Amino acid sequence: MSAIDDTSAATGAAGGATVATNGIDLAYTERGSGEPLVLIMGLGADRSAWDAHVAAYEKRFRCFAVDNRGSGASSKPGGPYSTAEMADDYAGLIRSLGAGPVRVAGISMGGAIAQELALRHPELVERLLLVSSWARCDDYTKEIFRHFSRMRGAASPGEFARLLQLWIWTPAYLNAHLEELREARREPATMPQHAFDAQCAACIDHDTVGRLADIGVPTLITAGDRDIFTPLALAAELHEHIPGSSLKVFPGTGHVHHWEVLDEFNEFTTEWLR
C-alpha cells in the first residue's frame, strides 16, 4: 500500500485536524457546507492566509484550508520538497476525507501544487483555480526565489517581511495601507528556515509545461497585470497550454491581486467555482 493511500485523520489544534499522508502529518481546517473545495496556499504561508476568502467561500462550499508540508501545524521534514510530492500529500488528504472529486484553488506555489494534483490524480479534481501561478520558472523567477531563500536566512523577520511586501503588493496598495503593512512586519516568523528553503526549491524546480495539455477539467487562471514577482506572461503560458482554460486579469493589481481587490476576486471566483 502506498503512503498516500495509508491515511488517517485526528483532531488537531485550534479547531482543526490532521491527516497522516505521504509520510507526514498534514493539518487543515474545515469550514462551511456544500461541494468540497480544497485550498492550497503559497510559499511560506499557512492556512490562515485563506481566512478572508473562506469568509466568502464557506457560504457556498465545504472549505478545507490546509497547511502545506513545512508550514503551520503540518510536518516540516528536511527538503528539498517538490510540487509533485506536495500534490501527493493533498491526494492523501482528499482520499482520507472521502471528498473527491473536489474543486481545488491554489495561490502562487499552491497553484503549482494544484497543477500536479490535477495531473497526477485527475480522478480527485473537478475544477481548478490557479492564482498568480506558473507552469515553469524562467531564470528571472528562479533568481527571485533564490534571493528570497538567502535573504530570509540573513535578515530579521521584520526586514524579510518588508522585502516580500515590496515584491507582492503594488505601489498604489502599499501607499494606501502602509501602516497596516508595517504592523504585519511585527508578526514573529514561525516557519523554520530549512522548510522555507525546501518550499523555494519546489517552486524553482516546478515544470509542467509539457504535460498541461493533459489537464481535462475546467480551469480558471487569475493574475494581476502589475505583478513583478510572477509576471503576467507566466499566467499567459498556463492559459496557452491548458485546453479550454480561462484567464482573468485584474487591472492595476500585483501578485496578491486576490487581496488587493478582495471583494471583486471573491465574488468572481465564487461564481466560477460553482
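These numbers come from a predicted model, not from an experiment. Position 1 is the first residue of the sequence, and the numbers go up from there.
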Between [X] and [Y] (side chain of the first, backbone of the second, donor and acceptor by atom type, cut-off under 3.5 Å), is there such a pair?
X	Y	answer
Asn22	Glu85	yes
Gln115	Trp134	yes
His255	Ser108	no
Thr170	Thr253	no
Ser149	Asp197	no
His239	Ser245	yes
Asn68	Met41	yes
Ser96	Leu93	yes
Ser133	Leu130	no
Asn266	Ala52	yes

Q) Is the Phe145-Phe229 ring centre distance short of 6.0 angstrom? A)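 Yes: the rings meet the under 6.0 Å criterion.
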**Q.** Short side-chain donor-acceptor distance under 3.5 Å, Ser71 and Gln199
**A.**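 On atom types as modelled, these side chains qualify, holding a pair under 3.5 Å.
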Q.
Regarding Thr29 and Arg47, do their side chains bring together a donor and an acceptor under 3.5 Å, going by distance alone?
A.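 Per modelled atom types, Thr29 and Arg47 side chains form a pair under 3.5 Å.
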Q. Taking it one step at a time, do Ser48 and Asp51 satisfy side chain to side chain donor-acceptor pair (under 3.5 Å)?
A. CA-CA 5 Å; Ser48 67; Asp51 286 350; 5.1 Å; no
Q. Which residues satisfy the side chain to side chain donor-acceptor pair (under 3.5 Å) test with Arg226, sequence neighbours excluded?
A.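 Expected list: none.
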Q: Please name all residues satisfying salt bridge (Lys or Arg N to Asp or Glu O under 4.0 Å) with Glu264, sequence neighbours left out, ordered by chain then number.
A: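 For Glu264, no residue satisfies salt bridge (Lys or Arg N to Asp or Glu O under 4.0 Å) once neighbours in sequence are set aside.
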Atom pair [atom1] ([X]) and [atom2] ([Y]), whose distance is rounded to the nearest 0.5 Å:
X	Y	atom1	atom2	answer
Leu37	Leu129	CG	CG	8.5 Å
Glu240	Ile242	CD	CD1	11.0 Å
Tyr90	Leu39	OH	CG	8.5 Å

Q.
Can you classify the ring geometry of Trp259 versus His53 as parallel (below 30°), tilted (30 to 60°) or perpendicular (above 60°)?
A.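 Correct class here is parallel.
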Q. Hey, which of Asp88, Asp89, Asp25 is the one that makes salt bridge (Lys or Arg N to Asp or Glu O under 4.0 Å) with Arg69?
A.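 For Arg69, the salt bridge (Lys or Arg N to Asp or Glu O under 4.0 Å) check succeeds only for Asp89.
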Q.
I want to check something: taking the side chain as every heavy atom from C-beta on, are Pro231 and Tyr140 in contact at a cut-off of under 4.5 Å?
A.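 The answer is yes, as the side chains (C-beta and beyond) meet within the 4.5 Å cut-off.
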Q.
Would a single hydrophobic cluster contain both Leu238 and Leu273, if residues Ile, Leu, Val, Met, Phe, Trp and Tyr are joined by side-chain heavy-atom contacts under 4.5 Å?
A.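 No, Leu273 does not connect to Leu238 through the hydrophobic network.
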Q) Any chain of hydrophobic side-chain contacts (each under 4.5 Å) joining Leu163 to Leu181? A)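 Same cluster.
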Q) Between Arg103 and Phe61, is NZ or CZ placed under 6.0 angstrom from the six-membered ring centre and within 45° of the ring axis? A)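 No cation-pi geometry.
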Review item, side-chain donor-acceptor pairs of residues 212-222, under 3.5 Å, at least two apart:
from	atom 1	to	atom 2	distance (Å)
Thr219	OG1	Val217	O	3.0
Thr222	OG1	His257	NE2	2.8

